[in-house]
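First the structure, in the form of structure tokens, and then the observations on it.
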Amino acid sequence: MRLTTLLAGAIASLAFTAAHADELSFANYMAPTHPYVAGAFQPFADLVAEKTGNALTVHLYNGGELGAGPDAQYDRVVEGVADLAVSLPGYTASNFPLTLLTELPGVIDEQTGTGVIWKNIDLFQPEYQRVKLIALWSSAANLLYTKKPVRSPADLAGLNIRVPSRNAGLLVEAWGGSPVSMPVSEIYTALQTGVIDGAMIDGTATTAFRLAEVTDYLTVGIESTISPFFIVMNRDQFNALPADQQAALEEAGLQASVLGNQTQLNVAAAGIKAFADAAGKEVITLSEDEARAFHDLNAPVVARIVAETGGNAQAVIDALAAR
């Protein structure tokens, strides 16, 4: 009787495994309500299923179900904790110096940047040897959410500003502020408790991270960084798939890149408007002369980053600038 029970259990276990053998786990540190989920991630999953006739499916684990923190998502894919994950190259900047050239001020713009990146995607592939690059897109331009009004670099003196990457930190430093690195999930509390005085992040933060509740000013018009996002996949898992399923993932990834960018731009524009409409808040739109005071400080920073990156960094910049 016991042997029969054990055999039945083993058969059921094997059946369960077989039924789920072609389901990929997608780690998403963002909340299930984040616009990216409905705007890009679920469409990505749907497209994979459609293109493979449901032979390959993607299950979204939102809200950090497979582990919290955007800075740890890349390692979770490398280690096989998740098959797929979304994050920003800026959180593991040392791995992606060429990819992060795309975020430098003046290199790409928020409207056409994703198309330019994909036109030159082969330039970035060497940085993804440990994973499979599935999607890569430029987001909306980063802005300054602050407790005090910022209209000139002098206004940033003595302020601690959260930055999304080292490159963004070098910009803030050149402008006169003190850069502080932290994940987006910590910004609200850090502003609330006075650990930081402001944050460099795009306009989606008004609603996605409720920054209008803890800041009073939003400065727009500075040519700042544009943070790239990626979806990466465990390379062994990708290589184990048949060619048609690999192709489906790549096609869906390109579409997710386009959708990710569109979603970001739409929500960012709405976020800027929502901040302006909130009681007691001010959106500061810099004049051309006011913006130039920041832009004049950008050029030496860009030159420094390109020089430090070395290799074919200047060639990458030139290719991206050629549009």
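When all heavy atoms of Leu159 and Asp197 are compared, the closest pair comes out as CA-OD2, 3.3 Å. Val267 approaches Pro35 most closely through the heavy-atom pair CG2-CB, 3.7 Å. When all heavy atoms are compared, the tightest approach of Ala82 to Leu66 is CB-CD1, 3.9 Å. Across Leu98 and Thr309, no two heavy atoms sit closer than the pair CD2-CG2, 4.0 Å. Annotation for Ala40 and Thr263: closest pair N-OG1, 4.4 Å, computed over non-hydrogen atoms. Across all non-hydrogen atoms, the minimal contact from Asn62 to Ala31 is CB-C, 4.5 Å.
To the nearest 0.5 Å, atoms CG (Asp155) and CH2 (Trp175) are separated by 13.0 Å. The distance from atom CG of Leu84 to atom CD of Gln73, rounded to the nearest 0.5 Å, is 11.5 Å. In this structure, the separation between OG on Ser138 and CD on Gln111 is 9.0 Å, given to the nearest 0.5 Å. For the atom pair CG (Asn160) and OG1 (Thr146), the distance works out to 13.0 Å, reported to the nearest 0.5 Å. To the nearest 0.5 angstrom, Ser87 atom OG is 7.5 Å from Met30 atom CE. The CE atom of Met200 sits 9.0 Å away from the CG atom of Leu143 when rounded to the nearest 0.5 Å.
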- Item | Criterion side chain to side chain contact (heavy atoms under 4.5 Å, CB included) on Asp122 and Asn120, from CA distance to verdict | CA-CA 6 Å; Asp122 289 344; Asn120 296 281; over 6 Å; no

- Where do Val78 and Val131 land on the side chain to side chain contact (heavy atoms under 4.5 Å, CB included) test, with the steps shown first? CA-CA 6 Å; Val78 171; Val131 295; 3.7 Å; yes

- List the steps, then state whether side chain to side chain contact (heavy atoms under 4.5 Å, CB included) holds for Ile196 with Met182. CA-CA 10 Å; Ile196 57 175; Met182 68 174 60; 3.9 Å; yes

- Item | Chi angles and distances behind the ring-ring contact (aromatic ring centres under 6.0 Å, His included) call for Tyr217, Phe275 | CA-CA 8 Å; Tyr217 300 92; Phe275 195 98; 8.2 Å; no

- Between Lys273 and Asp277, is a salt bridge (charged side-chain N to carboxylate O under 4.0 Å, His left out) present by the stated rule, with each step listed? CA-CA 6 Å; Lys273 183 179 186 304; Asp277 292 343; 2.7 Å; yes

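In this structure, a donor-acceptor pair under 3.5 Å is absent between the side chains of Asn95 and Glu127. Between the side chains of Tyr145 and Thr206, at least one donor-acceptor pair of N or O atoms lies under 3.5 Å. No side-chain donor from either of Asn266 and Gln262 sits under 3.5 Å from a side-chain acceptor of the other. For the residue pair Tyr128 / Thr99, a side-chain donor-acceptor distance below 3.5 Å is found, with atom types taken as modelled. A donor atom on one side chain and an acceptor atom on the other are not found under 3.5 Å apart for Asn234 and Asp83. Side-chain polar atoms of Ser165 and Asn167 form no donor-acceptor pair below 3.5 angstrom.
At a threshold of 4.5 Å between side-chain heavy atoms, the hydrophobic network of Ile, Leu, Val, Met, Phe, Trp and Tyr places Val116 and Leu123 in one connected group. Val184 and Tyr36 fall within the same hydrophobic cluster, defined by Ile, Leu, Val, Met, Phe, Trp and Tyr side-chain heavy atoms under 4.5 Å apart, directly or through other members. If you chain together hydrophobic residues whose side chains sit under 4.5 Å apart, Tyr29 and Val58 fall into the same group. A single hydrophobic cluster is not seen to contain both Ile121 and Ile134; linkage of ILVMFWY side chains at heavy-atom distances under 4.5 Å, directly or through other members, places them apart. There is a path of hydrophobic side-chain contacts, each under 4.5 Å, that joins Leu104 to Leu171.
If you run side-chain contact (heavy atoms from CB on, under 4.5 Å) between Val172 and each of Ile161, Val180, Val301, only Ile161 comes through. Screening Val107, Ile317, Leu320 for a side-chain contact (heavy atoms from CB on, under 4.5 Å) involving Thr102 leaves a single residue, Leu320.
A 4.5 Å side-chain heavy-atom check between Leu100 and Pro89 finds at least one atom pair inside the cut-off. Here the side chains of His59 and Leu24 are not in contact, with every heavy-atom distance at 4.5 Å or above. Leu144 is not listed as a side-chain neighbour of Leu218, based on a closest heavy-atom distance of 4.5 Å or more. For the pair Leu286/Ile284, a side-chain contact is recorded, criterion being any heavy-atom separation below 4.5 Å from C-beta on.
In this structure, Asn54 contributes its side chain and Glu50 its backbone to no donor-acceptor pair below 3.5 Å. The closest donor-acceptor contact from the side chain of Glu290 to the backbone of Ser287 lies under 3.5 Å. No donor-acceptor pair closer than 3.5 Å links the side chain of Asn312 to the backbone N or O of Ala315. Judged by distance alone, the side chain of Arg76 and the main-chain N or O of Ala85 form no donor-acceptor pair under 3.5 Å. Here the side chain of Asn261 pairs no donor or acceptor atom with the backbone of Thr114 at under 3.5 angstrom. The backbone N or O of Thr215 lies less than 3.5 Å from a partner atom in the side chain of Lys281, making a donor-acceptor pair. Counting only distance, with no hydrogens or angles, the side chain of Asp296 and the backbone of Ala293 share no donor-acceptor pair below 3.5 Å.
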Report, one line per pair, each donor and acceptor closer than 3.5 Å where one atom sits in a side chain of residues 220-233; sequence neighbours left out.
unit_1 : atom_1 : unit_2 : atom_2 : d
Ser224 : OG     : Asn142 : O      : 2.4
Thr225 : OG1    : Asn142 : ND2    : 2.8
Ser227 : OG     : Asn142 : ND2    : 3.0

Check residues 239-246 and write down every donor-acceptor pair under 3.5 Å in which the side-chain atom is one partner and the other belongs to a residue at least two apart or another chain.
unit_1 : atom_1 : unit_2 : atom_2 : d
Asn239 : ND2    : Arg235 : O      : 3.4
Gln246 : NE2    : Phe238 : O      : 2.8
Gln246 : NE2    : Leu241 : O      : 3.2

Return a table of donor-acceptor pairs under 3.5 angstrom between the side chains of residues 248-257 and protein atoms on other chains or two or more places apart.
unit_1 : atom_1 : unit_2 : atom_2 : d
Glu250 : OE2    : Lys132 : NZ     : 2.9
Glu251 : OE1    : Lys51  : NZ     : 2.8
Ser257 : OG     : Trp118 : NE1    : 3.3
Ser257 : OG     : Leu136 : N      : 3.0
Ser257 : OG     : Leu136 : O      : 3.3
Ser257 : OG     : Gly253 : O      : 2.9

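For Tyr91 and Tyr74, the gap between ring centers reaches or exceeds 6.0 Å. Tyr188 has its ring centre no less than 6.0 Å from the ring centre of Phe209.
Heavy-atom neighbours of Glu288 CD from other residues, nucleotides or ligands within 6.0 Å: at or below the threshold of 12.
Note on Arg151 versus Glu282: salt bridge recorded, some NZ/NE/NH1/NH2 to OD/OE distance being below 4.0 Å. The pair Lys147-Asp216 fails the salt-bridge criterion, with no side-chain N (NZ, NE, NH1 or NH2) lying under 4.0 Å from an Asp/Glu carboxylate O.
Under the 30°/60° scheme for interplanar angles, the aromatic rings of Phe26 and Phe41 are found to be tilted.
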